[in-house]
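I have placed the structure first, in the form of structure tokens, so that the comments after it can refer back to it.
Proteins get letters first, then strands, A, B, ... in listed order; numbering begins at 1 in each.
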2 protein chains.
Amino acid sequence: MKQITKYIVKNSLKRIFLYRACLVRLKMMGVEKVFSYTLANETGVTSDQVRKDFSEFNIKGNKRGGYDINCLLEKMETIFHRNKDHNIVLIGMGNLGLALSKYSKFVQRNMNIVATFDIDPFKQKIRSDLPVYSMSRLKEIIDRFRVKVAILAVPEISAQQVADELIRYGIKGIVNFAPVLLKVPSDVIINNVNLCDELESVIYYVHNLIKADGLKNIELLYRDMKY
Amino acid sequence: MKQITKYIVKNSLKRIFLYRACLVRLKMMGVEKVFSYTLANETGVTSDQVRKDFSEFNIKGNKRGGYDINCLLEKMETIFHRNKDHNIVLIGMGNLGLALSKYSKFVQRNMNIVATFDIDPFKQKIRSDLPVYSMSRLKEIIDRFRVKVAILAVPEISAQQVADELIRYGIKGIVNFAPVLLKVPSDVIINNVNLCDELESVIYYVHNLIKADGLKNIELLYRDMKY
DNA sequence: TATATTTTGTGATTTGTTTCACATCAAATC
DNA sequence: GATTTGATGTGAAACAAATCACAAAATATA
């Protein structure tokens, strides 16, 4: 039997994350029900968009009654496999790697960095809250913790080589902070986070914004930056 | 006279950055000319897309002769105002802020963090390569260095308040690492970078990938993750 | 110099995404 | 219980982005 998987594109996924964050906040405030337009207002999209996004994920509400926040959050937990823990490895303990290894929000969302790796022997610390191993132990750790996803924070010069290694050991998804396009098999997911580009886009838009004048235009320009 | 500004959406902007990185690499290798399909191959898009993107930015090549790499890079420098320096302030010197303040690639692209700020007096270091000021000096520094863009790496609880302050002092663009949707006037550009979401999308896709089987589907899924 | 070849640049077409509009249903009101 | 109200859910329409296809131009070749 062939399973039909619904393919979700990045933008609607990002919006779903947005809705979820908003729902968590509302729940903490004691709210129990939301309407599509509540979420829309909070997140800056239209209510149609909210409903369409939900429908894409097969999330149902009650006609006239809106959506029950608890149900909604539970459904999302299932969709995003939040019920189980996810083991992650982090490669590269430079400035950025170090910061990411200490980033507490990953843990809050059940994404646990089980080990970090660096080629520099001076950075390797086994007896610590979060161990920094030598690369030679990569396979062992990936196997032991059944790791499928890695964060790559190594210099661009070694990014491809490290990615190859990760994939050889069974990694299927990489958040890549090195500013290079990794060449990987088609069954491996790469999500590139390019900090320079993020900053530079803002600079570019700000420059154009200063040149522009009409509000309508600004909204147009802004469109894709929202989430 | 009303200036017509061409509005570029995020995706084509990201692709242009991709092309540029590729051109820089090719130039270092001594290559002088490229064809749209060369760039396309290197960056994983189609050659039509490359040409369409260039045409959007009014970048012209030579029929049959392709594009001269130097011209291309020069044109891009103009488009992205790479000729002049861009002064940036960084607010929040926690783990992430610290890492960003040391991120050397910003400087390589003429984006200079001129000062950083933190409310914690223990983090404030005036006599250092990159000063860490108290928030009380924010206005002074923004004025002195004519800063228009800020990096926000403060805890989510204070993000909105700090953003308000930045905007009050004339900041027009913010790269926001706090996982909150900032409410800002429509003439201010916000670019949200949500590290958790980036990691979680990969986990989500990897899970679905493991369930999926056909290569065609995988490519579909992968589509939006590329750049 | 004429012809063939190759690549750009861009309308036309296709494909994908968002918005619109309304049938459908559930709750509230009478 | 009938009627009104107000929200969902989803095809249809509108809009946006990517791909196609080919004219135009520059170079290579004869």
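- Here the straight-line distance linking atom CZ of A/Phe35 with atom CZ of A/Arg64 works out to 8.5 Å at 0.5 Å rounding.
- Rounding to the nearest 0.5 angstrom, the gap separating the CD atom in B/Gln49 from the OG atom in B/Ser47 is 10.0 Å.
- At whole-Å resolution of the value, CG in B/Asn11 and P in C/dT15 are 20 Å apart.
- The 12-atom threshold is not exceeded at CD of B/Gln161, counting heavy atoms of other residues, nucleotides or ligands nearer than 6.0 Å.
- Ring planes of A/His207 and B/His81: parallel class, angle under 30° (limits at 30 and 60°).
- Counting to the nearest Å, the C1' atom of C/dT8 and the CG atom of B/Leu39 are 13 Å from each other.
- No option in A/Asn192, A/Ile151, A/Leu181 other than A/Asn192 meets the side-chain contact (heavy atoms from CB on, under 4.5 Å) test with A/Asn176.
- In this structure, the CZ atom of A/Phe57 is 15 Å from the P atom of D/dT10, given to the nearest Å.
- In this structure, the side chain of B/Gln160 engages the main chain of B/Lys183 through a donor-acceptor pair within 3.5 Å.
- Using a cutoff of 4.0 Å between basic side-chain nitrogens and carboxylate oxygens, B/Arg15 and B/Glu56 are not scored as salt-bridged.
- Counting any heavy atom pair closer than 4.0 Å across all strands shown, A/Phe54 reaches no nucleic acid atom.
- Taking side-chain N and O atoms only, B/Gln49 has no distance below 4.0 Å to OP1 or OP2 of D/dA17.
- The separation between A/Asp68 atom CG and D/dT8 atom P is 13 Å, rounded to whole Å.
- Side-chain N/O atoms of A/Ser55 include none lying less than 4.0 angstrom from OP1 or OP2 on D/dG9.
- Comparing the local axis fitted to the first five base pairs of the helix from C/dT1-D/dA30 to C/dC30-D/dG1 with the one fitted to its last five gives a bend of 0°, rounded to 10°.
- With sequence neighbours excluded, the residues that form a side-chain hydrogen bond (donor to acceptor under 3.5 Å, both in side chains) with A/Asn194 are A/Asp197.
- Across all strands shown, A/Ser47 has no heavy atoms under 4.0 Å from either base or sugar-phosphate atoms.
- A/Phe35 has its CZ atom 11 Å from the C1' atom of D/dT8, to the nearest Å.
- From B/Leu13, atom CG reaches atom OH of A/Tyr204 across 6.5 Å, with rounding to the nearest 0.5 Å.
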Protein proximity profile, nucleotides 20-30 of chain D - base contact B, sugar-phosphate-only contact S, no contact -, cut-off 4.0 Å on heavy atoms: BB--BBBBS--

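- Residue B/Lys60 places at least one side-chain N or O closer than 4.0 Å to OP1 or OP2 of C/dT10.
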